[in-house]
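Here is the structure we will look at, set down as structure tokens.
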Amino acid sequence: MTLPTLLAVGTFNDWDVPDMRNGFDLVTIASITDLAGLDAGLRGQVRAVAYKGHKPFDGAQMDLLPALEIIANYGVGYDAIDVVAATARKVRVTNTPDVLNDDVADLAVGMLLSFTRNMAANSAWLARGDWAEKGDPPLARKLSGTRVGIMGLGRIGREIADRLAAFKMEIHYHSRTAKDTPAGWVWHATPESLAASCDYMVVALVGGKATEGYVSASVIAAMGADAVIANISRGSTIDETALLDALENRRIRGAALDVFRVEPALDPRFLALSNVYLQPHQGSATIETRKGMGALQRANIRAHLSGQPLLTPVN
Ligand code: 8YV
């Protein structure tokens with residue numbers, strides 16, 4: 001019996017590979033940009049793609065895989081995949097929602113605390129010997145009891161809000177329509193209204209065209225000079241030039257960012273700032289969650305190939 005050909009795109013963890021070989025003829029490439037270089041005969045066999053990456057996967061690339069039936073994305077955000085092009089080609093797309101909610105929310109809270117309590121600078125202070133030499137570092141700023149604004153109260157936004165509610169924070173949020181929330185959470189009809197009503201704003205929007213630059217220059221301008229922005233969604237959701245201008249000119253207090261418009265070669269202007277706390281896109285990056293994401297990705301592929309309903313379909 002010939003096994004279905006699975007094309008794994010991206011660098012997977014060692015624990016993913018044995019299961020990708022189990023029942024599949026596995027072909028691997030490091031990046032979708034390597035696809036055209038793959039032998040045409042081999043490309044013609046590929047029925048499923050396990051996609052891990054943030055580079056665009058478009059219709060022209062799908063056309064290089066004439067037997068393609070499913071693209072299973074490793075990640076909840078599938079903005080790199082042209083879903084319209086996939087649907088037009090009757091190619092199913094899946095993602096990995098929910099399994100990473102806790103980790104992304106944990107990181108959002110951790111970044112807010114790290115930023116506002118000066119944890120990176122204080123650690124460096126101690127490591128340099130400044131504690132003994134100069135005494136205590138400059139005082140930090142408080143998180144508990146302040147006002148947070150969640151931009152996008154989807155599954156991850158909700159997990160972040162639930163955690164920050166335990167920090168006795170006043171919860172404000174913006175989404176298209178008001179949601180069913182605990183009493184006292186305040187819905188804002190516009191992103192500007194949210195920005196004007198919080199001390200800390202956490203961006204938890206989905207990525208893609210619809211939310212590109214959603215946190216615009218006018219939204220950033222609506223934030224108070226003492227306000228902090230955090231982003232764990234996609235770099236594309238914020239007007240990055242407007243954000244950099246605001247940070248450089250101290251029109252906002254600071255930013256805690258896990259995502260950037262260009263990754264990993266982020267805008268070097270970020271590196272010159274002292275009012276930021278930056279992470280290299282680590283939201284889902286724990287062993288436990290990455291194992292869960294890989295398992296869900298493969299479960300979707302197996303479901304499709306055995307004629308079962310997809311677990312987490314996108315189209
Ligand atoms: C990435 C993510 O998938 O889930 C998402 O949308 O951005 C991440 O979990 C991860 O960086 C692997 O590419």
Side-chain angles (χ1 to χ4, degrees), residues 100-151 156 159-172 195 198-204 215 220 223-233 235 238 240 242-290:
L100 42 64
N101 295 353
D102 282 336
D103 274 358
V104 180
D106 288 355
L107 189 76
V109 175
M111 291 200 314
L112 288 177
L113 280 170
S114 297
F115 174 79
T116 203
R117 298 300 302 268
N118 299 340
M119 287 167 77
N122 289 354
S123 181
W125 182 273
L126 183 152
R128 273 198 310 268
D130 284 357
W131 194 17
E133 197 72 15
K134 302 180 183 167
D136 285 344
L139 291 175
R141 298 290 301 278
K142 190 168 168 121
L143 182 69
S144 283
T146 62
R147 300 168 303 165
V148 67
I150 311 287
M151 190 70 81
I156 292 173
E159 288 291 341
I160 296 168
D162 285 341
R163 281 161 176 71
L164 295 177
F167 282 67
K168 299 173 240 171
M169 292 179 81
E170 210 179 273
I171 309 291
H172 295 252
C198 57
D199 305 301
Y200 296 87
M201 186 161 77
V202 183
V203 185
V215 179
I220 293 167
M223 293 174 68
D226 203 33
V228 173
I229 187 168
N231 191 7
I232 46 74
S233 64
I238 300 182
E240 205 169 75
L243 175 62
L244 281 161
D245 288 346
L247 288 166
E248 284 168 355
N249 296 299
R250 308 276 160 168
R251 290 199 303 270
I252 60 174
R253 176 153 67 93
L257 307 170
D258 185 43
V259 287
F260 305 87
R261 182 165 277 278
V262 179
E263 298 175 4
L266 73 166
D267 191 321
R269 286 169 70 190
F270 280 113
L271 304 178
L273 293 166
S274 58
N275 51 348
V276 291
Y277 180 83
L278 309 177
Q279 287 284 305
H281 200 145
Q282 294 295 292
S284 66
T286 66
I287 293 170
E288 293 83 353
T289 289
R290 289 290 169 87

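Index from 1, following the sequence.
- Atom CG of residue Leu247 and atom CG of residue Leu257 lie 7.5 Å apart, to the nearest 0.5 angstrom.
- Just one of Leu112, Leu107, Ile232 meets the side-chain contact (heavy atoms from CB on, under 4.5 Å) condition when paired with Ile160; it is Ile232.
- Closest approach of Asn275 and Phe115 over heavy atoms only: O-CE1, 3.4 Å.
- The side-chain heavy atoms of Leu243 and Ile252, taken from C-beta on, include a pair separated by under 4.5 Å.
- Going from atom CZ of Arg269 over to atom CG of Leu244 covers 4.5 Å, rounded to the nearest 0.5 Å.
- Here the shortest heavy-atom pairing between Ser274 and Arg250 reads OG-NH2, 3.1 Å.
- Listed for the Trp131 side chain is no donor-acceptor partner under 3.5 Å among the backbone atoms of Pro137.
- When side chains are defined from C-beta on, Ile238 counts as touching Ile220, because their heavy atoms get closer than 4.5 Å.
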Show, in sequence, the C-alpha distance, side-chain angles and deciding distance for Asn231 and Met151, and conclude whether the side chain to side chain contact (heavy atoms under 4.5 Å, CB included) test is met.
CA-CA 9 Å; Asn231 191 7; Met151 190 70 81; over 6 Å; no
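- Of all heavy-atom pairs spanning Ala108 and Val202, the tightest one is CB-CG1, 4.4 Å.
- Without hydrogens or angle criteria, Thr116 side chain to Arg141 main chain gives a donor-acceptor distance under 3.5 Å.
- Judged by distance alone, with hydrogens and angles left aside, the side-chain atoms of Asp199 form a donor-acceptor pair with the main-chain N or O of Arg147 at under 3.5 Å.
- The structure places CG of Leu100 at 5.5 Å from CD1 of Ile156, a figure rounded to the nearest 0.5 Å.
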Side chain to side chain contact (heavy atoms under 4.5 Å, CB included) between Tyr200 and Leu164, intermediate numbers included:
CA-CA 11 Å; Tyr200 296 87; Leu164 295 177; over 6 Å; no
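- Contact detail for Trp125 and Pro138: the closest heavy-atom pair is CZ3-CD, 4.2 Å.
- Residues Thr146 and Lys142 share a closest heavy-atom pair of CG2-O, 3.7 Å.
- Taking 4.5 Å as the limit, every side-chain heavy atom of Asp267 sits out of range of all side-chain heavy atoms of Arg261.
- When each of Ile150, Ile229, Val148, Val228 is paired with Met201, the side-chain contact (heavy atoms from CB on, under 4.5 Å) condition holds for Ile229 and for no other.
- For the pair Asp106 and Arg163, the salt-bridge criterion is met [side-chain N within less than 4.0 Å of a carboxylate O].
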Should Leu271 and Leu278 be marked as a side chain to side chain contact (heavy atoms under 4.5 Å, CB included) after you check the CA-CA gap, both sets of side-chain angles, and the distance that decides it?
CA-CA 9 Å; Leu271 304 178; Leu278 309 177; 4.3 Å; yes
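- The distance from atom OH of Tyr277 to atom CG of Asp258, rounded to the nearest 0.5 Å, is 9.5 Å.
- When all heavy atoms are compared, the tightest approach of Val276 to Phe270 is CG2-O, 3.9 Å.
- The OG atom of Ser123 sits 12.0 Å away from the CG atom of Asn118 when rounded to the nearest 0.5 Å.
- Atom CG of Leu139 is separated from atom CZ of Arg117 by 9.5 Å, given to the nearest 0.5 angstrom.
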